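Heavy-atom basis, side chains included; hydrogens, waters and symmetry copies ignored. All values derive from a computational prediction rather than experimental measurement.
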Amino acid sequence: MFSLLVNIPVNATWAQKGMTIAGGNGDGDATNQLTRPFGLFVDDDQTVVIADYRNHRITQWKNGNTMNGQVVAGGKGAGDGLHQLDRPTDVLIDKETDSLIICDYGNRRVVRWSRRSGTTQGEILIDNITCHAVALDDQRYLYVSDIGKHEVRRYQLGDKNDTLLAGGNGQGDGLNQLNRPTYLFVDRDHSVYISDNRNHRVMKWVEGAKEGIVVAGGQGKENALTQLSYPNGLFVDTLGTLYVADSYNDRVMRWTQGDKKQGTVIVGGNSEGEGANQFSGPVGLSFDRHGNLYVVDYNNHRVQRFSIE
């Protein structure tokens, strides 16, 4: 996701205990619950929208009201009607049109829902794509990862034309290949960072490049500081520091520019669990403009916020 330009000091630290700002009340479809949440987007005012995967809906949680979310798309059971979603995996806010762009994974489509009150259905932007994540750049090009074709494409909104940006050379671990690309982040230079999930690495594809650069992991799937295990959510700050949800290691890591060899653990890494300093499968990841960290804790059915210190 291209979002706020967040300036985070290179030596920043975060509170080790997270505060639950959405869900955390077991799995279910009540307004205070999430079921296997995936991607999230944090707006300028710290409003958080979450792809509530197993509830087939997008929920919005306003800053200060962590007790209940509001359904802003879907929530009508799994299905392919325009009023329905099926296992959404990612969502972003398009400020220009005041709408949500949603990766409707189970329906193999990308849809847009207006945020205006009274909206009861979405419209299809792209279909026939096994999408996992969406991102917008500053020129409002839409980037979509396709875990079926192991590639990332860029679309012009409102236009069917698209450009292959990364992968597209079959499933594999070559520098011109991807293996189940999940989450994306687009920086100011239009380089795209990709969680190359089953290669246990993060790739950076500079605009126009024929192959990517490994910027984190790629050393097998154990838990050394040089390694990642099924990485997911990504964020890159204005210094080019990469933050990644290291899902199977239950931690969030930071990889600074110039040090591609190993990262540091900034939160989690305290074995799997449901404590305030633990995760069980962290997936989505983002920051607000103050540098507070938001992590979707998949198996704990919650979103945690870690305050910058």
Side-chain angles (χ1 to χ4, degrees), residues 1 8 10 38-39 89-90 130-133 135 143-154 164-187 189-237 239-269 272 279 281-286 293 295-296 298:
M1 73 191 64
I8 298 173
V10 73
F38 252 100
T89 47
D90 200 19
T130 318
C131 67
H132 196 283
Y143 297 67
V144 185
S145 64
D146 185 335
I147 57 176
K149 292 182 176 169
H150 309 286
E151 64 186 25
V152 176
R153 289 187 173 268
R154 183 178 67 200
L164 176 69
L165 289 189
N169 293 300
Q171 179 179 11
D173 62 3
L175 292 178
N176 67 345
Q177 293 177 303
L178 298 166
N179 187 352
R180 202 174 169 89
T182 51
Y183 287 91
L184 304 173
F185 190 95
V186 183
D187 72 11
D189 301 324
H190 305 142
S191 293
V192 59
Y193 293 78
I194 304 160
S195 279
D196 192 5
N197 184 270
R198 294 210 174 144
N199 284 325
H200 314 291
R201 66 189 184 184
V202 176
M203 302 294 286
K204 177 183 179 180
W205 289 63
V206 176
E207 189 172 26
K210 293 282 176 256
E211 58 181 43
I213 306 156
V214 180
V215 290
Q219 307 286 328
K221 60 172 179 179
E222 299 306 315
N223 62 0
L225 293 178
T226 55
Q227 296 175 305
L228 296 168
S229 184
Y230 299 96
N232 277 299
L234 295 175
F235 196 94
V236 179
D237 67 18
L239 294 174
T241 303
L242 167 71
Y243 303 83
V244 56
D246 188 9
S247 294
Y248 278 44
N249 285 324
D250 300 301
R251 64 191 184 183
V252 174
M253 296 191 74
R254 167 172 63 192
W255 299 66
T256 54
Q257 279 278 20
D259 182 15
K260 304 296 187 256
K261 295 291 173 274
Q262 67 174 48
T264 53
V265 179
I266 59 169
V267 292
E272 183 179 8
F279 298 115
V283 281
L285 175 148
S286 193
L293 168 65
V295 184
V296 177
Y298 180 78

Kindly say whether [Y] contributes a backbone atom to a donor-acceptor pair with the side chain of [X] at under 3.5 angstrom?
X    : Y    : value
S145 : T182 : yes
D237 : L239 : yes
N169 : N176 : yes
S195 : G233 : no

Exercise. Check side chain to side chain contact (heavy atoms under 4.5 Å, CB included) between Q227 and all other residues, then give those that pass, not counting sequence neighbours.
Key: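 Q227: side chain to side chain contact (heavy atoms under 4.5 Å, CB included) contacts with Q219, E222, A224.
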
I need the minimum non-hydrogen distance between [X] and [Y], along with the two atoms involved.
X    : Y    : result
L228 : N249 : C-ND2, 4.2 Å
L293 : V295 : CG-CG2, 3.8 Å
A245 : P282 : CB-O, 3.8 Å
V283 : S247 : CG1-OG, 4.0 Å
L178 : N199 : C-ND2, 4.0 Å
F38  : H132 : CE2-NE2, 3.8 Å

Self-check item: Stepwise side chain to side chain contact (heavy atoms under 4.5 Å, CB included) check, L234 with I194
Solution: CA-CA 8 Å; L234 295 175; I194 304 160; 5.5 Å; no

Rounded to the nearest 0.5 Å, what separation is found between the [atom1] atom of [X] and the [atom2] atom of [Y]?
X    : Y    : atom1 : atom2 : value
D250 : Y298 : CG    : OH    : 13.5 Å
N179 : Q171 : CG    : CD    : 4.0 Å
E211 : L175 : CD    : CG    : 5.0 Å
D246 : R251 : CG    : CZ    : 4.5 Å
L242 : K204 : CG    : NZ    : 10.0 Å
T89  : I147 : OG1   : CD1   : 7.0 Å

For [X], all residues meeting salt bridge (Lys or Arg N to Asp or Glu O under 4.0 Å), sequence neighbours excluded:
X    : result
D196 : R201
R254 : none
E207 : R154

Self-check item: Derivation and outcome, side chain to side chain contact (heavy atoms under 4.5 Å, CB included), residues N232 and L285
Solution: CA-CA 8 Å; N232 277 299; L285 175 148; over 6 Å; no

Quiz item: Would I8 and Y243 satisfy side chain to side chain contact (heavy atoms under 4.5 Å, CB included), going step by step from the backbone distance to the final call?
Solution: CA-CA 11 Å; I8 298 173; Y243 303 83; 3.5 Å; yes

Any non-hydrogen side-chain atom of [X] less than 4.5 Å from a side-chain atom of [Y]?
X    : Y    : value
R198 : D173 : no
L164 : E151 : yes
M203 : V215 : no

Practice problem: Report the residue from Y193, F185, Y183 that forms a side chain to side chain contact (heavy atoms under 4.5 Å, CB included) with F235. | Solution: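 One option only clears the test, and that one is F185.
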
Self-check item: ring-ring contact (aromatic ring centres under 6.0 Å, His included) partners of Y230, counting only residues at least two apart
Solution: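 If we apply the ring-ring contact (aromatic ring centres under 6.0 Å, His included) test to Y230, skipping adjacent residues, the hits are H200, Y248.
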
Quiz prompt | For Y143, ring-ring contact (aromatic ring centres under 6.0 Å, His included) partners two or more places apart | solution =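 Not a single residue meets the ring-ring contact (aromatic ring centres under 6.0 Å, His included) criterion with Y143.
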
Self-check item: Trace of the side chain to side chain contact (heavy atoms under 4.5 Å, CB included) decision for V244 with W255
Solution: CA-CA 8 Å; V244 56; W255 299 66; 3.9 Å; yes

